[in-house]
Amino acid sequence: MTAMTEPGLPRTYDPGLVETGIYERWLAADVFAPDGAGSRARPGAKPFVVIQPPPNVTGALHVGHAFTFDLEDVMVRHARMTGRPTLWLPGLDHASIAAQVVLDRILDGEGESRTSLGRERYLERMRAFVATTRETIIRQERRLGSSLEWGRLRFTVDETSSRAVRTAFARLYQDGLAYRSEALANWCSGCQTTVSDLEVVPTPESGTLWTIRYHVVDADGSVVPGRWIDIATTRPETLLGDSAIAIHPDDPRHRDLLGDHVLVPFVDRVVPVIADSVVRPEFGTGAVKITPAHDADDYATGKRHDLPMINVFDDAGRINENGAAYAGLSLAEARRRILADLDARGDLLAAVPHEMIIGRCQRSNDIIEPRLKTQWFIRTKPLAEEALQATRSGVTGILPERFIKVWEHWLTEIRDWNVSRQLWWGHRIPAWYCPDGHVTVTDDPAGPTACEVCGRPIAELHQDNDIFDTWFSSGLWPFSTLGWPDDTADLRTYYPGSVLETGYDIIFFWVARMMMLGIHFMGRPPFEMVYLHGMVRDGTGQKMSKTKGNVVDPLEAIDDIGADALRLALINGTSPGNDQRLSQDKLDSARNFANKLWNAARFVLGTRPATIPADALRQAPNPADLGPAERWIRSRTAATAVAVDRAMADFAFGEATRVLYEAVWSELCDWGLELAKVRLADDSLPGAVREATWWTLVEAIDVNLRLLHPFMPFLTEAIWTATPHTPDDPELLIVADWPGPEVAARRDEAAEVDVDVVIELIRGVRNARSEARLEPATWLPVDLLGDAPVALAVEALRPAVERLARARPLAIHPTRAAYLAATAAGGLSVIGNGVEAVVGRAAGGSGVDDAHAAALDRERLNRELASARTLLEAARSRLANESFMSKAPPAVVEGARSRELELAEQVRRLEDRLGS
RNA sequence: GGGCGUGUAGCUCAGCGGUAGAGCGCUCGCCUUACAAGCGAGUGGUCGGGGGUUCGAUCCCCUCCGCGCCCACCA
């Protein structure tokens, strides 16, 4: 009997239990760092550096983060196992605007606000807040199994980062790439700051298009009776800032008014009627009011015509002192009053519903008001040129490639980047102004000593109140985290990164900025490859959001099904750049796979022959003792390793898990283990044979664990611990060797051919029995027509065939005559490509003579015949096609020929059987 | 207004020039001592419509339709 002693693993798979302590073991072994004590990196191997988007410190991670971390961990673990020093640097982003929006909401609940606290207390409060979210995030990352190098944890507002920000800005300023200018900026009155163009979300809105009459005035400013111009607007409140009325130069309707002046209502400003081709004559009345300080189009028009730019809003979103009687009113209230007042004087002519697009704040959803502001800008054109050069030359690749198109477009059309933010949480802009308006920029943390233009002392200067756009510091991430601006060893070793892994949603926000700044400051692109993943949606394809309540909380999922299953679910069946739907079904299915693997391993470890000691070192099975099943297992495992390897090289992680899922479940478990069971349990066999079988299974489990480790790190590590190792193996799977050429070399075509025949036979017998509705448990005689190769293959695995097909006695007839004689009495027919057999011949009284079963069997055979004939016809017509024969590659023609022969043979056998 | 993606079995998705795949679901049968989170056997698809290229198209090209996303200064 096979020893069933010492179950190496607990009976049931409990993810919580399995995960316990494993992360700590990795930490203790110091394997995460590229130069950690436990690292088994090959000397001289090229480092593998993956760059992650540092999560915002605004709260707990969601399942989208889990996906990112999963992909990055897969890459890092795979690279680590191939012997490369790996660096995956953990980080957190201070996320200035996002963090302020979150904190403001919290404060609001406490009856406090930004203004009630003041800058210093607000920042204190923020630091306390992020200290807790930071811990939460780090805990979550560990539970996910992320093998991050904690020794290098960075925060985008830590001192290293601050220094990098100051230095970067000062250098950009020196290089003429940072400048301060008054320009139209996107103002969010909710966030009380400007935002970049990228943060403005165009949002459809049902509005109104009003027609308003402006009266013409003569040279001394008095209204000319009967002369007017009607304009159309969706924003009547902005008329307070009008500085012209524009018409299209070719529009005959208003041409007589060109050069005239009109009176802006309420503010009584006299403004010209000008001609400009931005006006669409067909829209509205064909005349438009120009408000250069509050509209991008009008701003451009104002520039062209040198019009005054009159700001009429204040920071809080109210009408300012330029708004005459309306000063102090909210924009909405001002609109109501202005409309009413226009109506009262008879100058409001029409109001029609109008569908339009308005800009809303990405963070707060408030309406974005374009306003004139003096801000710092980065001149992006020259930087973008270099970024484009990097992708065009192939120095940096983007995956999937289709994103190159939007990348090209955005960088080609790029506009200057407003980096000033009127926020508090972030990096203060290191610019000082003197009373004469001179600008001094310095990277010195203490600030300048004097105005660099006029020499006024620091006491007379004041620092810019604004901070940088949060993406300015993120844009420096690939090198600021490695000690830049110092020329550090880290920088020399780990810049540029190998792969930047992130979501396609921040390709402009982050990827493009890192690329531009990286090339500018480091002289070369910050990464070799950009891998973009898709968004994680809910089971019905909806975007996950807290308000919709359809979010999958990664921690809950981990508690429920384990980190390994969550990770597998997130990767299996996905492809780069494409969104995925994460359903409970998918999670369950991954959990089931984890359970399957667990049980397979448990089975193998539990069937160790008594002749092998529990603490035996793993050894390769002795080739002389291998049967076809063992050779098949080794061959299939080799094929798996090759396929997974290729998928990893292609970043096709979803493909890798698909291959592994099938390899473990459908091949190893369904056939490998089932075939091996028979030998393991057969004490009539020599001990050496059973040992070889067992070592084969151990080897298969070992290879599969290695291949699965990047995807399911806890489970594989836990099982591997209980698995016999070789003297060359390390303590932990995380640093074990990735299966290499020696595994691939175990491919064995002959064994695969033989076992395929056996599998076909077993399947055929099972199918025949099942279709005929026979009791699965009863043993039935099987008569096989076996010419040489088939007979040998089946004979070699006779006990397994008997057991798996419930076939007993199993007779193999070398000649057709003998076969026909033995099966003359009938039974169920098995007729496949390579095998022909009869199940349950009536002779001997143990077989099938039930008329119902026989009828069902006949029915099945007829179905099989019909489909075989269809296929045969298709094959024949192809072979009859002159062009196919002459133009198709010889291998394809050859394949078609043998296919035709097979089908013809099958059809003949089926006809024989049915015709008799 | 540009650009991109996507449409494959009831559902979620792989595949992308040479015999249509997986998971879940469904049907039938099994507690066959690794696993009922399981086992065995099935069912199910003119690969969105129409053209074209090719010996051959789910795969390449054109076009139309549906869905989604990104970019864009239009009152």
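Keep in mind the model is a prediction, meaning the values are calculated, not measured.
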Asks: Who pairs with A/Val678 by side chain to side chain contact (heavy atoms under 4.5 Å, CB included), at least two apart in sequence or on another chain?
Replies: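 Listed in chain order: A/Pro799, A/Ala800, A/Arg803.
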
Asks: Sorted by first residue and then second, give each salt bridge (charged side-chain N to carboxylate O under 4.0 Å, His left out) pair with at least one member in residues 583-597 of chain A; sequence neighbours left out.
Replies: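 For residues 583-597 of chain A, and leaving out neighbouring residues, the salt bridge (charged side-chain N to carboxylate O under 4.0 Å, His left out) pairs sorted by first residue read A/Asp588-A/Arg591.
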
Asks: Show me the side-chain donor-acceptor pairs of residues 235-245 of chain A shorter than 3.5 Å, one per line, residues at least two apart or across chains.
Replies:
unit_1   : atom_1 : unit_2   : atom_2 : d
A/Arg235 : NE     : A/Glu237 : OE2    : 3.4
A/Arg235 : NH1    : A/Glu369 : OE1    : 2.9
A/Arg235 : NH2    : A/Glu237 : OE2    : 3.2
A/Arg235 : NH2    : A/Glu369 : OE1    : 2.8
A/Arg235 : NH2    : A/Glu369 : OE2    : 3.2
A/Glu237 : OE1    : A/Arg335 : NE     : 2.8
A/Glu237 : OE1    : A/Arg335 : NH2    : 3.4
A/Glu237 : OE2    : A/Arg335 : NH2    : 3.1
A/Thr238 : OG1    : A/Arg235 : O      : 2.8
A/Thr238 : OG1    : A/Lys289 : NZ     : 2.6
A/Asp242 : OD1    : A/Lys289 : NZ     : 2.7
A/Asp242 : OD1    : A/Thr291 : OG1    : 2.8
A/Asp242 : OD2    : A/Tyr214 : OH     : 2.5
A/Ser243 : OG     : A/Pro308 : O      : 2.9

Asks: When rounded to the nearest Å, what value does the distance between P atoms of B/G15 and B/G5 take?
Replies: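 B/G15 and B/G5 have their P atoms separated by 15 Å.
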
Asks: Please name all residues satisfying salt bridge (Lys or Arg N to Asp or Glu O under 4.0 Å) with A/Glu902, sequence neighbours left out, ordered by chain then number.
Replies: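 With sequence neighbours excluded, A/Glu902 shows a salt bridge (Lys or Arg N to Asp or Glu O under 4.0 Å) to no residue whatsoever.
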
Asks: If the condition is side-chain hydrogen bond (donor to acceptor under 3.5 Å, both in side chains), which residues does A/Asn833 pass it with, not counting sequence neighbours?
Replies: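 Partners of A/Asn833 under the side-chain hydrogen bond (donor to acceptor under 3.5 Å, both in side chains) test: none.
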
Asks: Can you give me the N/O atom pairs linking the protein to nucleotides 52-54 of chain B at distances under 3.5 Å, or say none if there are none?
Replies:
none

Asks: Which part of the nucleic acid, if any, lies within contact of A/Pro370, taking any heavy atom under 4.0 Å across all strands shown: a base, the sugar-phosphate backbone alone, or nothing?
Replies: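 If one applies the 4.0 Å heavy-atom cut-off, A/Pro370 turns out to touch nothing in the nucleic acid.
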
Asks: At under 4.0 Å between heavy atoms, what does A/Arg415 touch on the DNA or RNA strands: base, sugar-phosphate, or nothing?
Replies: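 A/Arg415: backbone/sugar contact only, no base atoms under 4.0 Å.
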
Asks: Would you indicate what A/Leu673 reaches in the nucleic acid, counting non-hydrogen atoms under 4.0 angstrom: base, sugar-phosphate, or nothing?
Replies: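 Base contact.
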
Asks: Which pairs, protein N/O on one side and nucleotides 45-48 of chain B N/O on the other, fall under 3.5 Å?
Replies:
none

Asks: Taking OP1 and OP2 of B/G3, is either one under 4.0 Å from a side-chain nitrogen or oxygen of A/Lys405?
Replies: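 Answer is no, no contact under 4.0 Å.
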
Asks: Dump the pairs, protein N or O against N or O of nucleotides 35-42 of chain B, anything under 3.5 Å, distances to one decimal.
Replies:
unit_1 : atom_1 : unit_2   : atom_2 : d
B/C35  : OP1    : A/Arg11  : NH2    : 3.2
B/C35  : O4'    : A/Asn599 : OD1    : 3.2
B/C35  : O4'    : A/Asn599 : ND2    : 3.4
B/C35  : O2'    : A/Asn595 : ND2    : 3.1
B/C35  : O2'    : A/Asn599 : ND2    : 3.4
B/C35  : O2     : A/Lys596 : NZ     : 2.9
B/C35  : N3     : A/Lys596 : NZ     : 2.9
B/A37  : O4'    : A/Asn592 : OD1    : 3.2
B/A37  : O2'    : A/Asn595 : ND2    : 2.9
B/A37  : N3     : A/Arg591 : NE     : 3.3
B/G38  : OP1    : A/Asn592 : ND2    : 3.1
B/G38  : O3'    : A/Lys596 : NZ     : 3.2
B/C39  : OP1    : A/Lys596 : NZ     : 2.5
B/C39  : OP1    : A/Trp665 : NE1    : 2.8
B/G40  : O3'    : A/Arg766 : NH1    : 3.3
B/A41  : O3'    : A/Asn767 : ND2    : 3.1
B/A41  : O2'    : A/Ser770 : OG     : 3.2
B/G42  : OP1    : A/Asn767 : ND2    : 2.9
B/G42  : O5'    : A/Asn767 : ND2    : 3.4

Asks: Could you give the distance separating B/C67 and B/G51 at their P atoms, to the nearest angstrom?
Replies: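 Taking atom P in both B/G51 and B/C67, they lie 24 Å apart.
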
Asks: Wobble G-U and Watson-Crick pairs count when both distances are under 3.5 Å; given that, what is the 5' to 3' dot-bracket string of RNA chain B, with | for pairing to other strands?
Replies: ((((((((.[[[[.)..(..]]]].(((((.......))))).....[[[[[..)....]]]]])))))))....

Asks: Which of residues 567-575 of chain A have a heavy atom under 4.0 Å from RNA chain B?
Replies: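 Close to the strand are A/Gly573, A/Ser575.
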
Asks: Which pairs count as ring pair (Phe, Tyr, Trp, His ring centres under 6.0 Å) when at least one residue sits in residues 571-594 of chain A, sequence neighbours excluded?
Replies: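 Qualifying pairs: A/Phe593-A/Tyr661.
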
Asks: Below the 4.0 Å mark, does B/G23 have OP1 or OP2 next to a side-chain nitrogen or oxygen of A/Arg658?
Replies: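 False: A/Arg658 side-chain N/O out of range (4.0 Å or more) of B/G23 OP1/OP2.
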
Asks: Quick one: which residue pairs count as a side chain to side chain donor-acceptor pair (under 3.5 Å) with a foot in residues 295-304 of chain A, not counting sequence neighbours?
Replies: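 Non-adjacent pairs meeting side chain to side chain donor-acceptor pair (under 3.5 Å): A/Asp276-A/Arg304, A/Thr301-A/Arg304.
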
Asks: Just checking A/Phe508: base, sugar-phosphate only, or nothing, at a heavy-atom cut-off of under 4.0 Å?
Replies: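 Sugar-phosphate: the residue A/Phe508, judged by heavy atoms under 4.0 Å, touches backbone atoms but no base.
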
